[in-house]
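One structure is given here, and the rest of the page talks about it.
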There are 2 protein chains.
Amino acid sequence: MTIGTESLPAAFAALGDDTRWGLLQRLGTAPASATALAADQPISRQAVARHLEVLREAGLVETEIHGREVRYRAIGSRLSALARDLDALAQGWESRLRSIKAAAEG
Amino acid sequence: MTIGTESLPAAFAALGDDTRWGLLQRLGTAPASATALAADQPISRQAVARHLEVLREAGLVETEIHGREVRYRAIGSRLSALARDLDALAQGWESRLRSIKAAAEG
DNA sequence: GAGTAGTGCAACGATTGCATTGCACATCAT
DNA sequence: ATGATGTGCAATGCAATCGTTGCACTACTC
């Protein structure tokens, strides 16, 4: 099941931020809490929490409650789905633009 | 040759806008000028031109001069490269988080 | 129960991004 | 040459984003 075409820009907007990208890479290593993640970032814990919320809304991470701690985990399958959709779109463009070029030259 | 890891967020930021996404889809159909593209958009020609410039800087489109007209064309290979990088990252996450989970459960 | 650690929420300021309008310049057609 | 078309650049207004600080609340620890 792929995600809707119209939600793609929203997902990419979430990926299109250096801080969020860093958080995702960190989460790809191991799940962690907002406080733990903030310790490795040059910004406040609240700012990190906000970024994580953006990532969660984009479906790129999920949360897991451990007592008073909220652990965030990267969702690889979602990222794979994004990659698939992107590739499918690229394939469509390639073939369409190729035929246009062929028609122009032939 | 894939693009550098650090430029990935920049590329996704370019993709993370509804207007630019629409322009890309339109360009995936056939090359077109900024003025022609603006005719199908609810925003001004200058605004469209600015979006196209962003896409060009992200390496997602390329320009071709035809007299006084600047034609924009989508670069499918770049999109494919992005898809590949995204998928590779997702695969890495999957395997790493899977072993962590296995270790926690075992 | 007292103290500590982890979150969440709200208000604020600064920065960035998006779209607009107006103007100037280059190019094509007549 | 004249007029129309396609671009580019600059200034402005508006909105969203990002980060901060301060405070309150909940859940562990002792």
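Residue numbers begin at 1 in each chain, while the letters A, B, ... track the order of the sequences. Given the structure is predicted, the values throughout are model-derived calculations rather than measurements.
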Where do B:Leu60 and B:Leu82 land on the side chain to side chain contact (heavy atoms under 4.5 Å, CB included) test, with the steps shown first? CA-CA 10 Å; B:Leu60 290 164; B:Leu82 279 177; 4.0 Å; yes
So, OP1 or OP2 of D:dT5: does either fall under 4.0 Å of a side-chain N or O from B:Thr35?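 No, because none of the side-chain N or O atoms of B:Thr35 sits under 4.0 Å from OP1 or OP2 of D:dT5.
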For [X] and [N], give me the distance from atom [atom1] to atom [atom2], rounded to whole Å.
X: B:Ile65; N: C:dC28; atom1: CD1; atom2: C1'; value: 15 Å
X: B:Glu69; N: D:dG8; atom1: CD; atom2: C1'; value: 15 Å
X: A:Arg71; N: C:dT7; atom1: CZ; atom2: C1'; value: 15 Å
X: A:Leu37; N: C:dT7; atom1: CG; atom2: C1'; value: 14 Å
X: B:Glu53; N: D:dG8; atom1: CD; atom2: C1'; value: 11 Å
X: A:Gln41; N: D:dC18; atom1: CD; atom2: C1'; value: 14 Å

In B/S/- notation (B base, S sugar-phosphate only, - none; protein heavy atoms under 4.0 Å), nucleotides 11-26 of chain C written 5' to 3' is -------SSBBB----
Lys/Arg N to Asp/Glu carboxylate O, [X] vs [Y], below 4.0 Å:
X: A:Arg56; Y: A:Glu53; value: yes
X: A:Glu94; Y: A:Arg96; value: no
X: B:Arg71; Y: B:Glu64; value: no

Under 30°, 30 to 60°, or over 60°: which ring-plane class applies to A:Phe12 and B:Trp21, parallel, tilted or perpendicular? tilted
Report the distance from atom OH of B:Tyr72 to atom NE2 of B:His51, rounding to the nearest 0.5 Å. 12.5 Å
Assuming nearest nucleotide by heavy-atom distance, tell me which of A:Gly67 and B:Ala49 is located more 5' along DNA chain D.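 With A:Gly67 and B:Ala49 compared, the 5'-side residue is B:Ala49.
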